[in-house]
Amino acid sequence: MPTKTPIKKNYQMLLEWYQYRAGENAGSLKKLLKLLSKLDRNAEGTAAYDKDIDDLESLKFIYETGIRNFESQVDKYRTMIEEL
């Protein structure tokens, strides 16, 4: 019967990767939210500036979604490791 040790080790490495990515995205989101809170939305800017603001707002949702996805992967791999 094959040993489960190699797959457990792989699961652990994947768990650590997803934890790392969730943490990195959380840090980036925190910095982005701080930036967005400081920007004066009433300031007149170029079309490029306005587009950049819209892009940052979209990025906020991308980070939030990414964090949820990474956290879901963390939960999945924790469960898989516990079941071995």
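- Judged by distance alone, the side chain of Ser72 and the main-chain N or O of Arg68 form no donor-acceptor pair under 3.5 Å.
- Following chains of ILVMFWY side-chain contacts shorter than 4.5 Å, one can reach Trp17 starting from Tyr77, so the two form part of one hydrophobic cluster.
- Here Asn42 pairs with Asp40 under the side chain to side chain contact (heavy atoms under 4.5 Å, CB included) rule; sequence neighbours left out.
- In this structure a side-chain-to-backbone donor-acceptor pair under 3.5 Å is missing from Thr65 to Ile62.
- Cluster membership for Phe70 and Tyr11, using ILVMFWY side-chain heavy atoms within less than 4.5 angstrom, is shared.
- Residues Lys30 and Leu33 are not in side-chain contact: their nearest non-hydrogen atoms beyond the backbone lie 4.5 Å or more apart.
- Under the 4.5 Å side-chain heavy-atom criterion for Ile, Leu, Val, Met, Phe, Trp and Tyr, Leu15 and Leu84 are members of the same hydrophobic cluster.
- The distance from atom CG of Leu59 to atom CD of Glu64, rounded to the nearest 0.5 Å, is 10.0 Å.
- Both Tyr18 and Tyr20 belong to a common hydrophobic cluster when Ile, Leu, Val, Met, Phe, Trp and Tyr are linked at side-chain heavy-atom distances under 4.5 angstrom.
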Exercise for review: Take Gln73 and Leu14, measure what side-chain contact (heavy atoms from CB on, under 4.5 Å) needs, and give me the verdict at the end.
Suggested key: CA-CA 9 Å; Gln73 292 293 88; Leu14 289 168; over 6 Å; no
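- Leu29 and Leu39 end up in the same hydrophobic cluster when Ile, Leu, Val, Met, Phe, Trp and Tyr side chains are linked at under 4.5 Å.
- Between Glu82 atom CD and Thr79 atom OG1 the span is 5.5 Å, to the nearest 0.5 Å.
- Interatomic distance, Glu44 CD to Tyr49 OH, rounded to the nearest 0.5 Å: 10.5 Å.
- Distance check: Glu71 CD to Asn69 CG gives 9.5 Å after rounding to the nearest 0.5 Å.
- A distance of 11.5 Å separates OG of Ser58 from CD1 of Ile53, quoted to the nearest 0.5 Å.
- With values rounded to the nearest 0.5 angstrom, Lys51 atom NZ is found 10.0 Å from Leu56 atom CG.
- Looking at Leu36 and Arg41, their side chains come closer than 4.5 Å, going by heavy atoms from C-beta outward.
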